[in-house]
There are 2 protein chains.
Amino acid sequence: MKKIIAKYRKRDFKLTPQRIAILRYLDGNTSHPTADDIFTQIKKAYPTVSFATVYNTLLALKEKGEILEVTIDPEKKHYDSNVTTHHHIICTECNKIGDVIKDYSDALRLPSEILKEYKTVGNHIDFYGICKECQKERRELKIKN
Amino acid sequence: MKKIIAKYRKRDFKLTPQRIAILRYLDGNTSHPTADDIFTQIKKAYPTVSFATVYNTLLALKEKGEILEVTIDPEKKHYDSNVTTHHHIICTECNKIGDVIKDYSDALRLPSEILKEYKTVGNHIDFYGICKECQKERRELKIKN
DNA sequence: TTCTAATTTAGAATTATTTTTATTTGAGAA
DNA sequence: TTCTCAAATAAAAATAATTCTAAATTAGAA
């Protein structure tokens, strides 16, 4: 974390205690939190923190390329501090978002009609599945019924 | 369209004039409209139509598997009457959503760690690019400046 | 034609997110 | 260390998408 603070100090990003708390919370966090998750967490240490601060900070970090906004849950945005190439797998039962560390870029050749029409700049791949815990719950339900 | 009406009449889906108008609007429509787009369109013929009707109808159709909810725009849901395997390409300038008719299912082999953890049920692939019109606009801007 | 459960409507409520505004503060300059 | 001010904060209001509610209407079965 020391490193992180030093890094931001150099980068036109005023380090306030609230921002440091948000950075700390996001650093290495693979839970893909929403703005509300972050707000709830930061509120524990800074009871007066406002949503505006959380959203402002997330926007600033997004613009710096330090975090990604994850569009995968139709109800709300999630945030991911892992900006390296990876994908997500969402449990269709509990909506938990997991990481899939793999680069599929070579596998996705677009049809020539599309390449003619678009200057392509990237892609998103998400997977859907049922996680181990939810599979277990399903088995237990089956036994009961 | 006659066919469509006959099809729904058989399927536990009460056909009201509003619903027929929504079905007509969605049939073969590749514009990936939002609930608001649909509402605005239907209002022309049925000025008293409410958002609740649009959302109710979309939910019913989604549950029947007749349309897909497209989670690609972080601000709102889009709907797609094409339920066959295909993908989307979003223009990063104008946010227009285009179709990519191609099946990549063979190309996406999940890592074994994931296969151990999840019973996989599907995937979503989206592409990002700049569409022809926006490329043109960019060129014209460059000339002006 | 009648009946009834499903659907529609208008409007209020809810939820996520953004904006506004007045006040406070981090951090560089003196 | 203190001063200064652009940037950040907090509280609250605004906005936008979606859902809920309760009363009125209606599609389609009988």
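Quick note on labels: first sequence line is chain A, next is B, and so on, each numbered from 1. Note that this is a predicted model, so its numbers are computed, not measured.
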Whichever of B:F13 and B:A35 has the more 5' nearest nucleotide on DNA chain D, that residue is B:A35

Point to revise | Whichever of B:Y79 and A:P47 has its nearest DNA chain D nucleotide further upstream toward 5' | key: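 In this pair, the answer is A:P47.
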
Please confirm whether the shortest side-chain N or O distance from [X] to OP1 or OP2 of [N] is below 4.0 Å.
X     : N      : answer
B:R19 : C:dT8  : yes
B:Q18 : D:dT26 : no
B:T16 : C:dT8  : yes
B:K77 : D:dA16 : no
B:S50 : C:dT8  : no
B:Y55 : D:dT18 : yes

Between atom [atom1] in [X] and atom [atom2] in [N], what is the gap in whole Å?
X     : N      : atom1 : atom2 : value
A:N56 : D:dA10 : CG    : P     : 10 Å
B:L15 : D:dA29 : CG    : P     : 11 Å
A:I20 : D:dA8  : CD1   : P     : 13 Å
B:L58 : D:dT18 : CG    : C1'   : 11 Å
B:F39 : C:dA10 : CZ    : P     : 9 Å
B:E69 : D:dT18 : CD    : C1'   : 11 Å
B:L61 : C:dA6  : CG    : P     : 17 Å

Atom NZ of residue position A:K43 - does it have more than 12 heavy atoms of other residues, nucleotides or ligands inside 6.0 Å?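 Yes, enclosed.
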
For B:K64, I'd like to know if atom NZ has over 12 heavy atoms of other residues, nucleotides or ligands within 6.0 Å.
yes

For [X], report the nucleic acid contact type (base, sugar-phosphate, nothing); a contact means any heavy atom under 4.0 Å.
X     : result
A:D36 : nothing
B:K76 : sugar-phosphate
B:P17 : sugar-phosphate

*asked:* What I want to check is whether the side chains of A:Q135 and B:Y118 have a donor and an acceptor closer together than 3.5 Å.
replied: no

- prompt: Do we see a donor-acceptor contact under 3.5 Å between the side chains of A:D80 and A:H88?
  reply: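 There is such a pair between these side chains.
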
If you find the nucleotide of DNA chain C closest to A:H78 and the one closest to B:T48, which residue's nucleotide is nearer the 5' end?
->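 Whichever sits nearer the 5' end wins; that is B:T48.
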
With the side chain defined as heavy atoms from C-beta on, A:A52 is closest, among D:dG28, D:dA11, D:dC20, to D:dA11

Shortest non-hydrogen contact from A:I101 toward B:P111:
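Scanning both residues completely, I find the closest heavy atoms to be O-CG, 4.4 Å.
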
